[in-house]
Engineer: 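Quick one: structure below, then a few questions.
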Amino acid sequence: MEFRQALEQTLSVLMAKDEKICILDADLAKPNGTAPLYQKFPNRCFDVGIQEANMIGVAAGLASYGFKPIVFTFAPFATRRVCDQIAVSVSYAMQNVKIVGTDPGITAELNGGTHMSFEDVAILRSIPKMTIYDAVDANQLAQALPQIMNLDTPVYIRMPRKLSTPVFDDNYKFKLFKADVVSVGTDITIIASGIMVHEAIEAMKMLKEEGINAEVISINTIKPLDEETILTSVKKTKHVVTCENHNIIGGVYSAVSELLAKEYPLKITAIGIKDRFGQVGKYNELLKEYNLTKIDIYNAVKNNLNK
Amino acid sequence: MQNIAKEIRLLTCQCIASIGQGHIGGSLSIVDVLTVLYYKHMNVDPTNPKKTGRDRLVVSKGHAGPAVYATLCHKGYISQSELLTLNKFKTNLPSHCDMNKTPGIDMTTGSLGQGLSCAVGMSLASKIVQDHAYIYCIIGDGESQEGQIWEASMFASQKKLDNLIVFLDNNNMQIDNYTSNINSLIDPKAKWESFGFYVQSIDGNNIDAIDDAIIKAKKNKDKPSMIILNTIKGKGVSFIEQKGVANHSMPITEDDLKQIIEELK
């Protein structure tokens, strides 16, 4: 199932139960998959057109009235374009607005550099009170949305629209603010978020063949970090690699470094965008271009372990 | 209401004098509309600032906070002693309006251009819950250089938000110079009419004209309203008016206050 199908199906159920939930789009309802909700809930869905700044303000106004608005647009327009609107009208004003940024990082694929957000997490992570959730697969997203909608604080939901490589099975239970140890190991901790969890698991399998047991952690929320799960693992393995579909400045590598610098200083190897802009390309081409593949993670682990 | 407006002007000056300096010009220019709103039109209750179904006001030009605080003080939302805590450390009356600090403030504003969008969201919300509230919003003429004002105006019109009544504080001044010398609105009436608003242009420091325009705006259907308040920045205190562009933020001393009290008698 695509991420956006899981999104629409879950919201359809949630909106039927909770008449305070509203949808706002900025002329991307069709690509983002919210369009069917307009037929089901015509009084609570608003397409403002191509005006992201206004969309954030309108959402804040709806929230001040007790509604629970969710705004949708591509990740760069949901963050860098409306940074001040989110900082002031939403976060500083303490308004309950949920922000969905779709196709983050390389998942923007053929939309290229203008649409390829490698900085969205960095921007929002520095705004107080903001929760940042990086969706791993469609199954997890479907479980995360009801828990996120139960919060009365702003949340940034970062999700690709289409591609969802299943990581979690039917028995999986998502718990908001908890990281998942998706593979237990003793030699190194690979901390990954979003689409990089799948790559990390693939790298773990390659390493296992060589007798290296990597523990893979899906952190799920980049802010707040599940510090306990990370520290428990790192104190055991004493080696860390981080993996993110984002600039290593301001994202997962930064967040983990900030935690470990304080609690358990050690060398951390980063897989992620090394301070570059995006470009057009297909998913696998971009994974290779930005050194995000399982082989890159495999090499990073060996390098970190001096093997 | 003329007398109330004078009292609120004095309270505004006292509020700013308590810290010695502040946004006096753009505060005094909107005292008349605040007076008419709070003493004639707005369904609000100072003993229950968050009352369900109340009318709401978004002062998008959030630096006019002192005038709003003075009005809220006159209405009984906040005490006279609290009014004199403007911008003091840990105050509930910061330079720019903050809904989480001051009772009676409906939206946090100050980053210009954003408040009108919030008011549009409130107007939509009011239509959904059918509480028949009016949403009022005051924007500046300098503020209208922000693109978000026009985004919000387009969308308000698209949604036929006839429960939204916007006031433009058209005092033709901003920090750096006269607005017409910096980046002019040229013809705000034509602009908002072309955006689909019901537009009235009036003497924005005339109580009766403001009252009359709000009555007409409330009768108007299927369009948001724009009331262009042609105002004088610093209105009501001669030496502040005479400062012109320099009155955006200026010192108000205890001696100044004596002169102001004399003039507003």
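Quick note on labels: first sequence line is chain A, next is B, and so on, each numbered from 1. Predicted model only: the values in this text are computed from it and were never measured.
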Engineer: Using a cut-off of under 4.5 Å for heavy-atom pairs, which of B:A119, B:S126, B:G110 has the most such pairs with chain A?
Structural biologist: B:S126
Engineer: What part of A:N43 gets within 4.5 angstrom of chain B, counting heavy atoms only: side chain, backbone, both, or neither?
Structural biologist: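 Only the backbone of A:N43 comes within 4.5 Å of chain B.
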Engineer: Under a 4.5 Å heavy-atom cutoff, which of B:K50, B:K127, B:M99 has the most pairs with chain A?
Structural biologist: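 Most heavy-atom pairs under 4.5 Å with chain A: B:M99.
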Engineer: Could you check whether the rings of B:F167 and B:Y136 sit parallel, tilted or perpendicular, using 30° and 60° as the cut-offs?
Structural biologist: parallel
Engineer: Does any heavy atom of chain B fall under 4.5 Å from the side chain of A:Q95, the backbone, both, or neither of them?
Structural biologist: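 Contact with chain B: side chain only.
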Engineer: B:S157 side chain to B:S153 main-chain N or O, any donor-acceptor pair under 3.5 Å?
Structural biologist: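 No, because the side chain of B:S157 does not come within donor-acceptor range (under 3.5 Å) of the backbone of B:S153.
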Engineer: Without hydrogens or angle criteria, can the side chains of A:S193 and A:E244 be said to hold a donor-acceptor pair below 3.5 Å?
Structural biologist: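 Distance-only check fails for A:S193 and A:E244.
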Engineer: Would you mind telling me which of B:I135, B:D131, B:I149 has the largest number of heavy-atom pairs within less than 4.5 Å of chain A?
Structural biologist: B:D131
Engineer: Is chain B contacted by the side chain of A:Y92, its backbone, both, or neither, given a heavy-atom distance below 4.5 Å?
Structural biologist: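 Both the backbone and the side chain of A:Y92 come within 4.5 Å of chain B.
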Engineer: For the interface with chain A, which of B:G115, B:C118, B:S111 has the highest count of heavy-atom pairs at distances below 4.5 Å?
Structural biologist: B:C118
Engineer: If we ignore angles and hydrogens, is there a donor and acceptor under 3.5 Å between the side chains of A:N247 and A:D275?
Structural biologist: yes
Engineer: Could you verify whether a donor N or O on one side chain and an acceptor N or O on the other, from A:Q51 and A:D27, lie under 3.5 Å apart?
Structural biologist: no
Engineer: Hey, can you tell me if B:H23 and B:H248 have their rings parallel, tilted or perpendicular (30° and 60° cut-offs)?
Structural biologist: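 Taking B:H248 first and then B:H23, their aromatic rings stand perpendicular (interplane angle over 60°).
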